[in-house]
Amino acid sequence: MSGIVIIGAGQAGSSLAIKLRSLDYTGAITLIGEEPYAPYQRPPLSKTYLLGEMALERLYLRPEELYRDQNIELRLGTQVTAIDPVAQVISLGAETLSYDQLALTTGSTPRLLPEAIGGRLKNVFAVRGLADVDAMRPAFERGGHVLIIGGGYIGLEAAAVAAKRGLKVTLVEMADRILQRVACAETSDYFRALHQSHGVTLLEGVGLSSLTGTERVTGAILSNGATLDIDFALVGVGIQPNTQLADAAGLTLNNGIETNALGQTSQSTIWAAGDCASFPYQGQRIRLESVPNAIDQAEVVAANMLGAQKTYHATPWFWSDQYDVKLQIAGLNQGFDKVVTRQGDGGRSHWYYEGGQLLAVDAMNDPRAYMVAKRLIEAGKTVDPTLVADPSSDLKSLLRG
C-alpha cells in the first residue's frame, strides 16, 4: 500500500491527516503512533488531567470512529524502526510499508536525569505522555514531599498542581531565576511571588547533585550541599526533538528536522511538522514547541503535499495555567532590549521591545492586552511604549495608532 504515511500520532499528525481529507485527498492515509492511544491533547496532562479534573475521554482530540469514517488507518502501539528514502519504504520491525509521500510528526521527548545521579530510581517521573502522568498520579494523591527539578513552564505547572493537592513542594532551578530561558525577569518575579504565596519553596541558582535511595528515591543532595527527604521527584528540564529516524535516514538536521518554508525536508518526498521540525522564520531558523504551531504547520504541510506550494508563516502563541492565573504569550521575545509593564483590570502584562519594535507580550490574567498585542505583532506593527505603560490609555486605540 502506498499513499501518504504519517509517523507520529500526536497533535500534528492528527491535524495533518484530517486536513488531507478536508482538502479532498482520496488516497490511502496511514497514521502511525508508538503509544496505544488515539491522538490526544498533551497540555492538560500536567494540569487538569493530573488534578483529576479532566476525564480520559476528554483528552482525545477526536473520537476514534472519526478516523475510520475518514478512511484514515490508525496504527497504534506501533514502532517505526527505519525509513528508506530511496525505496520509499518504512520498516515496522519485520513488516514494511511503502509510501508515495511521508510526513514526520514525531514530536519530542523529555530530557531525563542520568542514571548515575539517580535518574532511574522508582518514583522519579517526567511529564510527556499519558502513561507518564498515569504513573505519577498515585504519588500526587498520596501526598508527601515532592522535589521538582527545573523551573520552566512544565515544572511550574506541576508545582501548582502539587501545591493545590496539599503536597510539600520544593522546586530547584539551576539558572539564576525561574523561566530564565523563556521570559523576562519581570515575568519570573511575578511567578516566583505567585508560587511562594502558595507555599512552594523555590531554590534558584541551585541544581541537583544527585537523588538518593536504593530502589526508590528517598532523598536529594543539592548543589549547595543541602539534603532533602522526599517522597518522589518530577523532572522538567526541557525536551528534545525526536529526530532519530530522520537522522538514520540521512535527512538534514538543524535544531530538529530541517525543513524549508513549505515543510519539506532534504528529501523531496518527506515532510515534517510540529515539535520535531525547524523552519525559516524572519531570517532565522526556529523550532516551536506549541499546540498552535503543531496544528498550523501540519495543515500547511498537508496542503503542500497536495501541491499547494504554500509558505508557512508562523504566528507564535503559547499559554500556561498555574493556580488561578492564565498566562498568554504572543510573539517571540528573542533579542528584546526593553520590557514595559502594563497594569490591567485584574491582571498585568509585560511587553517586549527591540529597538522600538514590539516583539512579544506575556499577559497574566489580562486577555485584552494579549489580544491587542497579538494583533499588533501579527500585523508587524508596534506601539509607543509610553502609551502601553499608561494604564489609562485605551488598549483598542493602540490598534488604530
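Numbers here are sequence positions counted from 1.
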Q) Does D337 use its side chain to pair, donor to acceptor, with the backbone of G355 at less than 3.5 Å? A) yes
**Q.** SG-CG distance between C276 and L104, expressed to the nearest 0.5 angstrom
**A.** 6.0 Å
Q. Where do I239 and D275 land on the side chain to side chain contact (heavy atoms under 4.5 Å, CB included) test, with the steps shown first?
A. CA-CA 9 Å; I239 61 177; D275 283 9; 3.9 Å; yes
Q. Tell me, which pairs form a ring-ring contact (aromatic ring centres under 6.0 Å, His included) where one or both residues lie in residues 328-348, sequence neighbours left out?
A. F336-Y352
Q) At their closest point, which heavy atom of S15 faces which heavy atom of E299, and how far apart are they? A) O-CG, 4.4 Å
Q | Whether over 12 other heavy atoms sit under 6.0 Å from R120 CZ | A | yes
Q: Determine yes or no for a side-chain-to-main-chain donor-acceptor pair under 3.5 angstrom, with T265 supplying the side chain and Q267 the backbone.
A: yes
Q: Inspect the surroundings of CD in E115 and state if more than 12 heavy atoms from other residues, nucleotides or ligands are less than 6.0 Å away.
A: no
**Q.** D69 bridged to R21 by N-O distance under 4.0 Å
**A.** no
Q) Can you tell me how far the SG atom of C184 sits from the CG atom of N333, to the nearest 0.5 Å? A) 7.5 Å
**Q.** Sub-4.5 Å side-chain heavy-atom contact between L262 and W271
**A.** yes
(Q) With a 4.5 Å cut-off on side-chain heavy atoms, are T386 and S393 touching? (A) no
Q. CG of L167 to CZ of F232: how many Å apart, nearest 0.5 Å?
A. 5.0 Å
**Q.** Interatomic spacing from CG in L202 to OG in S188 - rounded to 0.5 Å
**A.** 10.5 Å
Q) Could E173 and R181 be called an ion pair, given the rule that one side-chain N must be under 4.0 Å from one carboxylate O? A) no
Q: State, to 0.1 Å, how close L112 and A126 come at their nearest heavy-atom pair, and which atoms those are.
A: CD2-CB, 3.7 Å
Q. Could you give the distance from CE (M305) to CG (D100), rounded to the nearest 0.5 Å?
A. 9.5 Å
Q) Any idea which heavy atoms bring V237 and G150 closest together, and the distance? A) CG1-CA, 4.3 Å
Q.
Given 3.5 Å as the limit, does a donor-acceptor pair link the side chain of R216 with the main chain of L121, or not?
A. no
(Q) Other residues, nucleotides and ligands only: do more than 12 of their heavy atoms fall within 6.0 Å of CD on Q244? (A) yes
Q) Residues in side chain to side chain contact (heavy atoms under 4.5 Å, CB included) with D247, at least two apart? A) L253
Q. Would a 4.5 Å heavy-atom cut-off, applied to side chains only, mark L113 and S210 as touching?
A. no
**Q.** Donor-acceptor under 3.5 Å (N255 side chain, S278 main chain)
**A.** no
**Q.** Geometric class of the F191/H195 ring pair [parallel <30°, tilted 30-60°, perpendicular >60°]
**A.** tilted
Q. Passes side chain to side chain contact (heavy atoms under 4.5 Å, CB included), I257 versus N242? Steps please.
A. CA-CA 9 Å; I257 303 170; N242 292 328; over 6 Å; no
(Q) Donor-acceptor check, side chain of T81 to backbone of S91, threshold 3.5 angstrom: yes or no? (A) yes
Q | Ring-ring centroid check Y60 Y37, cutoff 6.0 Å | A | no
Q. T78 side chain to L76 main-chain N or O, any donor-acceptor pair under 3.5 Å?
A. yes
Q | Side-chain (N304) to main-chain (G307) donor-acceptor, under 3.5 angstrom | A | no
**Q.** Trace of the salt bridge (charged side-chain N to carboxylate O under 4.0 Å, His left out) decision for R177 with E204
**A.** CA-CA 5 Å; R177 58 180 173 86; E204 295 164 296; over 6 Å; no
**Q.** Which atom of Q357 lies closest to which atom of G380, heavy atoms considered
**A.** NE2-O, 3.7 Å
Q.
Between S290 and N293 (side chain of the first, backbone of the second, donor and acceptor by atom type, cut-off under 3.5 Å), is there such a pair?
A. yes
Q.
For a 4.5 angstrom cut-off between non-hydrogen side-chain atoms, does L358 reach K381?
A. no
Q. Do the side chain of T48 and the main chain of E53 share a donor and acceptor less than 3.5 angstrom apart?
A. no
Q. When rounded to the nearest 0.5 angstrom, what distance separates CD1 in I230 from CG in L147?
A. 5.0 Å
(Q) Determine whether Y353 and V388 satisfy the following criterion, side chain to side chain contact (heavy atoms under 4.5 Å, CB included), listing intermediate values before the conclusion. (A) CA-CA 11 Å; Y353 288 83; V388 170; 3.4 Å; yes
(Q) Do I178 and Y153 make a side-chain contact, defined as non-hydrogen atoms from C-beta onward lying under 4.5 Å apart? (A) no
Q. Would you call the rings of Y323 and H198 parallel, tilted or perpendicular, where under 30° means parallel and over 60° means perpendicular?
A. parallel
Q. Which of these, V217, I149, L234, sits in a side chain to side chain contact (heavy atoms under 4.5 Å, CB included) with V124?
A. V217
**Q.** Donor-acceptor contact below 3.5 Å, side chain S266 vs main chain T252
**A.** yes
Q.
If you define the side chain from C-beta out and look only at heavy atoms, does anything of Q334 sit under 4.5 Å from Q284?
A. yes
(Q) Around atom CE of M54, are there more than 12 heavy atoms from other residues, nucleotides or ligands closer than 6.0 Å? (A) yes
Q) Are T109 and R128 linked by a side-chain donor-acceptor pair shorter than 3.5 Å? A) no
Q) Would you say D390 has more than 12 foreign heavy atoms packed within less than 6.0 Å of its CG? A) yes
Q | Closest non-hydrogen atom pair, P85 against I270 | A | CB-CD1, 4.1 Å
Q. Hey, mind stepping through Q343 and T341 against side-chain hydrogen bond (donor to acceptor under 3.5 Å, both in side chains) and telling me if it holds?
A. CA-CA 7 Å; Q343 296 295 335; T341 298; over 6 Å; no
(Q) So for atom CZ, which belongs to R285, do other residues, nucleotides or ligands contribute more than 12 heavy atoms lying within a distance under 6.0 Å? (A) yes
Q: Please step through salt bridge (charged side-chain N to carboxylate O under 4.0 Å, His left out) for the pair E95 and R75, ending with a clear verdict.
A: CA-CA 13 Å; E95 181 187 358; R75 299 282 299 268; 2.9 Å; yes
Q) Passes side-chain hydrogen bond (donor to acceptor under 3.5 Å, both in side chains), T315 versus W317? Steps please. A) CA-CA 7 Å; T315 54; W317 60 278; 4.8 Å; no
Q) Around K310, counting heavy atoms of other residues, nucleotides and ligands shown, do more than 12 lie under 6.0 Å from its NZ? A) no
Q. If you measure from the Lys or Arg side-chain nitrogens to the Asp or Glu carboxylate oxygens, is any gap between K326 and E157 under 4.0 Å?
A. no
Q: Tell me, with the steps shown, if V383 and L376 meet side chain to side chain contact (heavy atoms under 4.5 Å, CB included).
A: CA-CA 8 Å; V383 63; L376 288 166; 4.2 Å; yes
(Q) Is the shortest side-chain heavy-atom distance between Y370 and I329 below 4.5 Å? (A) no
**Q.** 4.5 Å side-chain heavy-atom contact, T269 and L102
**A.** no
Q | Smallest separation among heavy atoms of D362 and A183, with atom names | A | OD2-CB, 4.1 Å
